[in-house]
Amino acid sequence: MKLSKLLFNSLKESPKEAKIISHQLMLRSSMIRQHTSGIYTWLPLGFKVLKNIENIIRQNQDEIGCNEMLMSTIQSSELWKKSGRYTDYGKEMLRIIDRHENELLYGPTNEEVITDLFSDYVNSYKALPKYLYHIQWKFRDEIRPRFGVMRGREFLMKDAYSFDLTEEGAYETYKIFFRSYLKTFLDLGLQPIPVKAATGAIGGDLSHEFQILASTGESELTYDPKLVDSNLFEKSYEEITLMYSASDEMIDKSKSDVIVGRGIEVGHIFNFGTKYTKPLECYVLNKDGKRITPHMGSYGIGVSRLTAAIIEAFHDEKGIKWPINIAPFKINIISQSNSELNEEIENIYNTLTSKYNNISLDDRDLSIGRKIKDSELIGIPWTLIIGNNYKEKGQIEVIRRSDGDKVFLSKQEIENFEFEQYTP
RNA sequence: CGGGGAGUAGCUCAGUCUGGUAGAGUGUCUGCUUUGGGAGCAGAAAGUCGCAGGUUCGAAUCCUGUCUCCCCGACCA
């Protein structure tokens, strides 16, 4: 994409409401704009990042046989009255009355809707287990929204729901999701710490949060340092859960040899048995024709929060440093304006675009210094400068955002350069 | 919800104490000069001073009410 076409306006100073680095950088780089407290418009750059994260999550869900679907944002209150949560959920729930005086709500989560749907569509034990998910906007009327999209009221969440015939089956499913979550966060370039967690309003007896370590994180956690391991996925569920970790309300004060830190909760998984299937009268028939109440679990990932969490993990004083598979653009080509090289540059841009399909060309009429600053702020993994060095020596300067390393390559070499081999 | 703070130009802020009719930096626009690290010069546009009411000859400034936003704490992906 040519940056002259992009709705984008970098800010030198950060708006005063932004207190944490990810919020500041998201505002300065035109990723988001606040609409009202805890509610944001995703501008083109932020939206690209959001979609990239979403796709990595989607691939991982699909890998474990999860069905993607899309449930509505607005729900009827009826099912919530059946499950008992219409009163339990309290003021966090945004309630809406339609013109016929019907009570509706903006969904904060989807256990009721999915259980009702499953109950209608699945009648036989042969269909189990089934995993369903969607990626949809949620609304929770937080007491105090803060830190930009880190704690918004409206947020994008991937929520999956599993249905198993037995408690044992549900436990096996829980382990599958547990491991899939580790892989998802590692794919996103993050180091997840799974911690035993309280189950809160969702209910149930088994639950893990997935935390990303960050000093600005909202939750306190303690963990065995061995959990910080980029090969964590190689270990089994049992091996991992033997290592100690706990979120604040579960902390065992007598423990030693553990690290106390702060984290950003980016995922949460629950195993809650028949908590919803029972009140909503969801059942399937077993081979004896007897009614069996399925065991459920639910599995959330905060997609919009992850954009902020990733920035918290990858930034420096100059701006964001996106991992290459999340970056809004992989490569940004910078040139001088009014250059005689325009045709050459256009060629290089087209060649790289056909290879990587996600390249930007900064064709704005600005000084080269300004373009470099913007490229750093936005956090594009590779910046190519086609300027004096190219004119004089045929060299393109290639700068890697992660560490600032530079190499000078010819036009020929650029076409064969392995840009994908990149970790921040 | 309790405690604290703030609303003045797109952004950062001064002006409010002591009332006299709107300022700076940055960004934006135009022209010229520039072009390797947020360039220089000249010119321009841009704000019903959050909103409503009151006091006053006169209100960004004083008074009353109200709305919004932010920060600290208790809940959550």
Side-chain angles (χ1 to χ4, degrees), chain A residues 9-20 23-24 27-28 30 33-39 53 57 88-93 107-110 135-160 181 197-202 207-212 218-219 247-249 263-270 298-309 318-319 334-341 364-377 383 385-392 395-397 399 404 406 408:
Chain A
N9 210 353
S10 65
L11 297 177
K12 208 184 271 188
E13 295 167 295
S14 63
K16 62 176 172 184
E17 72 263 21
K19 301 297 173 194
I20 63 169
H23 190 192
Q24 291 170 352
L27 291 170
R28 285 186 54 205
S30 282
R33 182 180 167 90
Q34 179 163 326
H35 177 68
T36 186
S37 180
I39 299 177
I53 293 171
I57 294 168
D88 290 356
Y89 222 93
K91 290 190 169 177
E92 295 262 301
M93 180 185 277
T109 180
N110 285 64
I135 299 172
Q136 177 65 293
W137 293 91
K138 306 289 189 295
F139 195 93
R140 291 183 192 169
D141 201 357
E142 297 283 343
I143 296 167
R144 188 156 85 84
R146 64 185 120 173
F147 300 149
V149 299
M150 193 77 91
R151 174 171 302 287
R153 293 193 291 172
E154 187 181 56
F155 59 97
L156 187 63
M157 179 162 96
K158 185 286 299 177
D159 42 325
Y181 268 41
T199 51
I202 309 281
S207 174
H208 281 90
E209 288 172 3
F210 290 79
Q211 301 265 0
I212 301 304
E218 288 191 87
S219 18
S247 61
D248 41 11
E249 67 265 43
I264 300 166
E265 184 187 349
V266 290
H268 203 158
I269 61 177
F270 302 88
S298 76
Y299 316 87
I301 293 180
V303 183
S304 45
R305 173 180 287 184
L306 268 168
T307 58
K318 293 173 177 171
I334 286 175
S335 64
Q336 293 171 352
S337 46
N338 305 321
S339 162
E340 320 90 72
L341 301 173
R364 297 174 299 166
D365 187 13
L366 296 172
S367 73
I368 218 160
R370 170 75 179 277
K371 292 184 182 184
I372 295 169
K373 290 284 184 198
D374 275 350
S375 201
E376 288 168 341
L377 175 65
T383 300
I385 304 179
I386 305 177
N388 291 338
N389 281 310
Y390 191 76
K391 252 185 259 177
E392 290 156 18
Q395 287 183 331
I396 299 165
E397 182 174 350
I399 306 174
K406 301 173 182 180
F408 291 88

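Quick caveat: nothing in here was measured; it's all calculated off a predicted structure. A, B, ... follow the sequence lines: proteins, then strands. Residue 1 opens every chain.
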Problem set entry | OP1 or OP2 of rU35(B) under 4.0 Å from side-chain N/O of S367(A) | no
For this session: For rC75(B) versus rC13(B), give the span between their P atoms, rounded off to a whole number of Å.
Result: 32 Å
Exercise. If we only count heavy atoms from C-beta on, is the R153(A) to T36(A) side-chain gap below 4.5 Å?
Worked result: yes
Exercise. Now, which nucleotide makes the Watson-Crick or G-U wobble pair with rC62(B), with each of the two distances under 3.5 Å?
Worked result: rG54(B)
For this session: Could you let me know what rC69(B) is paired to, Watson-Crick or G-U wobble, both distances under 3.5 Å, or none if it's on its own?
Result: rG5(B)
Problem set entry | Atom of L377(A), atom of S10(A) and distance for their closest heavy-atom approach | CD2-CB, 3.7 Å
Exercise. Using the C1' atom in both, what is the distance from rG27(B) to rC11(B), to the nearest Å?
Worked result: 7 Å
For this session: Using the closest heavy atom to pick a nucleotide of RNA chain B for each, name whichever of F408(A) or I143(A) lands nearer the 5' end.
Result: F408(A)
Problem set entry | Shortest non-hydrogen separation from Q211(A) to G263(A) and the atoms involved | OE1-C, 3.1 Å
For this session: Mind checking D159(A) for me? I need base, sugar-phosphate or nothing, with any heavy atom below 4.0 Å counting as a touch.
Result: nothing
Exercise. Taking the same atom, P, in rA59(B) and in rC49(B), what whole-Å distance lies between them?
Worked result: 11 Å
Exercise. Taking atom C1' of rA74(B) as reference, at what distance in whole Å does atom CZ of R144(A) sit?
Worked result: 11 Å
For this session: Tell me what E17(A) touches on the nucleic acid: a base, only sugar-phosphate, or nothing, going by heavy atoms under 4.0 Å.
Result: sugar-phosphate
For this session: Could you tell me whether the side chain of E397(A) reaches within less than 4.5 Å of the side chain of Q395(A), counting heavy atoms only?
Result: no
Problem set entry | Interatomic distance, L377(A) CG vs rG38(B) P [rounded to whole Å] | 15 Å
Exercise. Counting any heavy atom closer than 4.0 Å, what does R33(A) reach on the DNA or RNA strands: base, sugar-phosphate only, or nothing?
Worked result: nothing
Exercise. Mind checking whether Y299(A) and Y181(A) have parallel, tilted or perpendicular rings, split at 30° and 60°?
Worked result: perpendicular
Exercise. To the nearest angstrom, how far is K373(A) atom NZ from rA39(B) atom P?
Worked result: 10 Å
Exercise. Is there a donor and acceptor pair closer than 3.5 Å between the side chain of E13(A) and the base of rG25(B)?
Worked result: yes
Problem set entry | Nearest-Å distance once atom P is located in both rC62(B) and rG7(B) | 12 Å
For this session: Give a yes/no on whether any side-chain N or O of R151(A) is located under 4.0 angstrom from OP1 or OP2 of rA77(B).
Result: no
For this session: Give G300(A) one of three labels, base, sugar-phosphate or nothing, depending on what nucleic acid heavy atoms sit under 4.0 Å from its own.
Result: nothing
For this session: Please report, rounded to the nearest Å, how far the C1' atom of rU28(B) is from the NZ atom of K12(A).
Result: 14 Å
Problem set entry | Who pairs with rG43(B) - Watson-Crick or G-U, where each distance is under 3.5 Å | rC29(B)
Exercise. With both distances kept under 3.5 Å, what pairs with rC76(B), Watson-Crick or G-U wobble?
Worked result: none
For this session: Looking only at side-chain atoms of L11(A), point me to the closest of rC11(B), rG37(B), rU12(B).
Result: rC11(B)
Seminar exercise, completed: Q24(A) CD to rC11(B) C1', in whole Å, measures 13 Å
Exercise. Which of parallel (below 30°), tilted (30 to 60°) and perpendicular (above 60°) describes F270(A) and H268(A)?
Worked result: parallel
Problem set entry | Whole-Å gap separating C1' (rG36(B)) and CD1 (I399(A)) | 9 Å
Problem set entry | Counterpart base for rA22(B), defined by Watson-Crick or G-U wobble contacts under 3.5 Å | none
For this session: Classify the side chain of D374(A) versus the base of rG38(B) as yes if they form a donor-acceptor pair under 3.5 Å and no if they do not.
Result: yes
For this session: Using the P atom on both, measure rA6(B) against rG53(B) and round to a whole Å.
Result: 25 Å
Seminar exercise, completed: Between E154(A) and Q395(A), whichever has its closest RNA chain B nucleotide further toward 5' is Q395(A)
For this session: Could you tell me whether K371(A) contacts a base, only the sugar-phosphate backbone, or nothing, with contacts defined as non-hydrogen atoms closer than 4.0 Å?
Result: nothing
Exercise. If we take the P atom in both rG25(B) and rA45(B), what is their distance in whole Å?
Worked result: 15 Å
Exercise. Nearest-Å distance, CD1 (I334(A)) to C1' (rU35(B))?
Worked result: 13 Å
Exercise. What integer number of Å spans the P atoms of rA24(B) and rA44(B)?
Worked result: 12 Å
For this session: Would you tell me if any nitrogen or oxygen in the side chain of R146(A) comes within less than 4.0 Å of OP1 or OP2 on rG73(B)?
Result: yes
For this session: Would you mind classifying the nucleic acid contact of K158(A) as base, sugar-phosphate or nothing, using non-hydrogen atoms under 4.0 angstrom?
Result: nothing
For this session: Output the single nucleotide from rA77(B), rG36(B), rA6(B) whose closest atom is nearest the side chain of M157(A).
Result: rA77(B)
Problem set entry | Donor-acceptor contact below 3.5 Å, side chain K371(A) vs main chain R364(A) | yes
Exercise. How about K12(A) and K373(A): do any of their side-chain heavy atoms sit closer than 4.5 Å?
Worked result: no
For this session: Would you indicate, yes or no, if rC69(B) has its OP1 or OP2 atom less than 4.0 angstrom from a side-chain nitrogen or oxygen of T36(A)?
Result: yes
For this session: Just call it for N389(A): base, sugar-phosphate, or nothing, with non-hydrogen atoms closer than 4.0 Å on any strand.
Result: base
For this session: Both distances under 3.5 Å, Watson-Crick or G-U wobble: report the partner of rU34(B), or none.
Result: none
Exercise. Can you find a donor-acceptor pair, distance only, under 3.5 Å between R370(A) side chain and rG27(B) base?
Worked result: no
For this session: Under 4.0 Å between any heavy atoms, over every strand shown, what does G319(A) touch: base, sugar-phosphate, or nothing? Just pick one.
Result: nothing
Exercise. How is V303(A) classified with respect to the nucleic acid when contacts are heavy atoms under 4.0 Å: base, sugar-phosphate, or nothing?
Worked result: nothing
Seminar exercise, completed: Across every strand shown, the nucleotide meeting Watson-Crick or G-U wobble geometry with rC17(B) (both distances under 3.5 Å) is none
Exercise. Can you tell me if the side-chain N/O atoms of Q34(A) get under 4.0 Å from OP1 or OP2 in rC70(B)?
Worked result: yes
Exercise. Taking the same atom, P, in rU30(B) and in rC72(B), what whole-Å distance lies between them?
Worked result: 42 Å
For this session: Using a 4.0 Å heavy-atom cut-off across all strands, classify I385(A) as base, sugar-phosphate, or nothing.
Result: base
Exercise. Touch check for G90(A), heavy atoms < 4.0 angstrom, all strands: base, sugar-phosphate only, or nothing?
Worked result: nothing
For this session: For H23(A) and E17(A), run side-chain contact (heavy atoms from CB on, under 4.5 Å): C-alpha distance rounded to whole Å, both residues' side-chain angles, the deciding distance at 0.1 Å, then the answer.
Result: CA-CA 9 Å; H23(A) 190 192; E17(A) 72 263 21; 4.3 Å; yes
For this session: Could you check how far CD1 of I39(A) sits from C1' of rU68(B), rounded to whole Å?
Result: 13 Å
